[in-house]
2 protein chains.
Amino acid sequence: MEAGTDVDVCTKWSETLRVYHNTSCELENELQAKHDLGLSEFEVLLILGRACGEQAGYKARMKDIEAEMYLSQSALSRTVTRLEKAGLVTRAACDFDRRANFLMLTPSGLERFEAAKPTHRAVLVKHLTDPAASARAETCA
Amino acid sequence: MEAGTDVDVCTKWSETLRVYHNTSCELENELQAKHDLGLSEFEVLLILGRACGEQAGYKARMKDIEAEMYLSQSALSRTVTRLEKAGLVTRAACDFDRRANFLMLTPSGLERFEAAKPTHRAVLVKHLTDPAASARAETCA
DNA sequence: TGACATCCAATGCGCGTGCATGTAAGTTTC
DNA sequence: GAAACTTACATGCACGCGCATTGGATGTCA
């Protein structure tokens with residue numbers, strides 16, 4: 001039983017690694033090439049964008065966004081800085097708690113997000129529906 | 001059907017991200033803390049070690065190792081340099097093709113690998129057998 | 001043999017990340 | 001209300017990564 005478990009676990013891990021690397025590499029490449037967005041940056045837009053729908057009024061606190069993604073607090077801070085410099089997002093002080101920052105999509109940010117969404121979805125469908133299609137990518141090692 | 005596919009794909013991707021991040025973060029932390037090894041470094045030892053068994057004579061070319069892992073050629077080169085500095089691995093010229101380098105485990109490298117293997121396996125079992133156990137890690141975002 | 005393309009590995013470089021720390025603001029305790 | 005603690009975010013720093021380039025070794029073709 002031990003050996004059996006080992007084999008299963010190793011195989012499962014290999015499979016997870018394969019899917020993760022192929023998918024995230026292609027996501028990164030496609031989003032960068034077509035929309036000038038890193039994957040982390042897109043993920044922030046995704047969190048803001050999917051809640052906001054068509055009106056650009058949705059706000060989220062940094063802490064809440066952090067809780068939704070696998071990114072350290074410092075990395076998120078810098079990612080948001082990049083998005084802010086690109087004009088896709090604005091920081092706004094919180095009325096109640098002046099330690100906190102609200103984050104909002106700008107119209108330009110919403111536009112960029114909507115443009116990138118199909119690219120994101122397409123890569124996911126490609127790699128997660130047909131395992132055979134998710135062959136080793138040519139870039140990203 | 002389109003919406004259904006989308007939901008499935010997004011859920012599947014979230015799940016993959018969760019498992020990948022939790023597992024690789026804990027692997028990294030455990031291997032670093034208990035055996036002073038990075039994950040990439042361990043993976044190189046794994047490729048060399050599992051083929052070599054008990055005799056330390058197994059050789060592999062850089063290119064072949066690269067093909068087995070998700071690491072760029074340059075990253076592998078530096079990872080091997082670190083392993084070499086730590087005395088866990090030796091580079092040796094290839095007889096047939098002097099462009100290539102053979103890589104070998106040193107006795108110390110084999111020992112380190114054997115010591116780290118149970119740690120590696122334990123983390124894999126923890127995160128890949130019982131999904132509930134793979135809760136969000138406290139470190140690594 | 002000489003010129004050119006190919007292949008393997010190392011290295012310069014910039015970037016994004018996590019950890020540790022700093023700063024400011026809120027909370028608790030007395 | 002002052003001191004001690006906690007929380008939210010930014011920043012200094014070191015590190016590992018991928019990309020592009022380099023350098024050396026091989027193969028190919030005339």
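Per chain, numbering begins at 1; letters A, B, ... match sequence-line order. We use all heavy atoms of the structure for the numbers below, so side chains are in, but hydrogens, waters and symmetry mates are not.
Among the heavy atoms of the strands lying under 4.0 Å from A:Phe96 are primed sugar atoms or P, OP1, OP2 only; no base atom is included.
OP1 and OP2 of D:dC19 both lie 4.0 Å or more from every side-chain N or O belonging to B:Arg78. Taking side-chain N and O atoms only, A:Thr79 has a distance below 4.0 Å to OP1 or OP2 of C:dT17. Of the side-chain N and O atoms in B:Thr81, none sit less than 4.0 angstrom from OP1 or OP2 of C:dT11. Side-chain N/O atoms of A:Ser40 include one lying less than 4.0 angstrom from OP1 or OP2 on C:dT17.
Side-chain N/O atoms of A:Ser72 and base N/O atoms of C:dC19 include no donor-acceptor pair closer than 3.5 Å. Taking only distance into account, the side chain of A:Gln73 never meets the base of D:dA8 through a donor-acceptor pair shorter than 3.5 Å.
Residues A:Leu48 and A:Leu103 share a closest heavy-atom pair of CD2-O, 3.7 Å. The heavy-atom pair separating A:Arg112 from A:Asp36 by the smallest distance is NH1-O, 3.6 Å. Heavy atoms only, all atoms of each residue included: A:Gly49 and A:Leu105 are closest at CA-CD1, 3.6 Å. When all heavy atoms of A:Val19 and A:Thr23 are compared, the closest pair comes out as O-OG1, 2.6 Å. Residues B:Gly87 and B:Thr106 come closest through the heavy atom pair O-OG1, 2.7 Å. Across all non-hydrogen atoms, the minimal contact from A:Phe102 to A:Ala93 is CD1-O, 4.3 Å.
The interatomic distance linking A:Asp95 (CG) with C:dA25 (C1') rounds to 15 Å, in whole Å. With rounding to whole Å, B:Asn29 atom CG is found 17 Å from C:dT17 atom P. Going from atom CZ of A:Arg98 over to atom P of D:dT6 covers 23 Å, rounded to whole Å. As rounded to whole Å, 13 Å separates atom C1' of D:dG16 from atom CG of B:Leu83. Per the geometry, CG belonging to A:Asp64 stands 9 Å off P belonging to D:dA8, to the nearest Å. Taking atom CD of residue B:Glu28 and atom C1' of nucleotide D:dC15, one finds them 11 Å apart after rounding to whole Å. As a whole-Å value, the separation of B:His21 NE2 from C:dG18 C1' is 12 Å. If you take OH of B:Tyr70 and P of D:dG18, they are 13 Å apart, rounded to a whole angstrom.
Within 6.0 Å of CD on A:Glu111 lie no more than 12 heavy atoms contributed by other residues, nucleotides or ligands.
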Check residues 38-46 of chain A and write down every donor-acceptor pair under 3.5 Å in which the side-chain atom is one partner and the other belongs to a residue at least two apart or another chain.
from: A:Glu41; atom 1: OE1; to: A:Gly38; atom 2: N; distance (Å): 3.2
from: A:Glu41; atom 1: OE2; to: A:Arg82; atom 2: NE; distance (Å): 2.7

Summary of protein contacts for nucleotides 3-8 of chain C, nucleotide by nucleotide, where a base hit scores B, a sugar-phosphate-only hit scores S (4.0 Å, heavy atoms): ----BS

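Residues forming a side chain to side chain donor-acceptor pair (under 3.5 Å) with A:Ser74 (at least two apart in sequence, or on another chain): A:Ser72. Under the side chain to side chain donor-acceptor pair (under 3.5 Å) criterion, B:Arg98 pairs with no residue at all, not counting sequence neighbours.
Nearest-nucleotide mapping onto DNA chain C: of A:Gln32 and B:Ala75, the residue sitting toward the 5' end is B:Ala75.
Remark: A:His127 NE2 to A:Thr129 OG1 distance equals 10.0 Å, nearest 0.5 Å.
Taking five base pairs at each end of the helix from C:dT1-D:dA30 to C:dC30-D:dG1 and finding the rotation axis that steps the C1' atoms of four pairs onto the next four gives two axes whose angle is 10°, to the nearest 10°.
Residues from residues 86-94 of chain B lying near DNA chain D, meaning a heavy-atom separation below 4.0 Å, are absent.
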A:Arg121 vs B:Val9, side-chain contact (heavy atoms from CB on, under 4.5 Å): CA-CA, chis, key distance, verdict: CA-CA 8 Å; A:Arg121 184 169 49 77; B:Val9 163; 5.9 Å; no

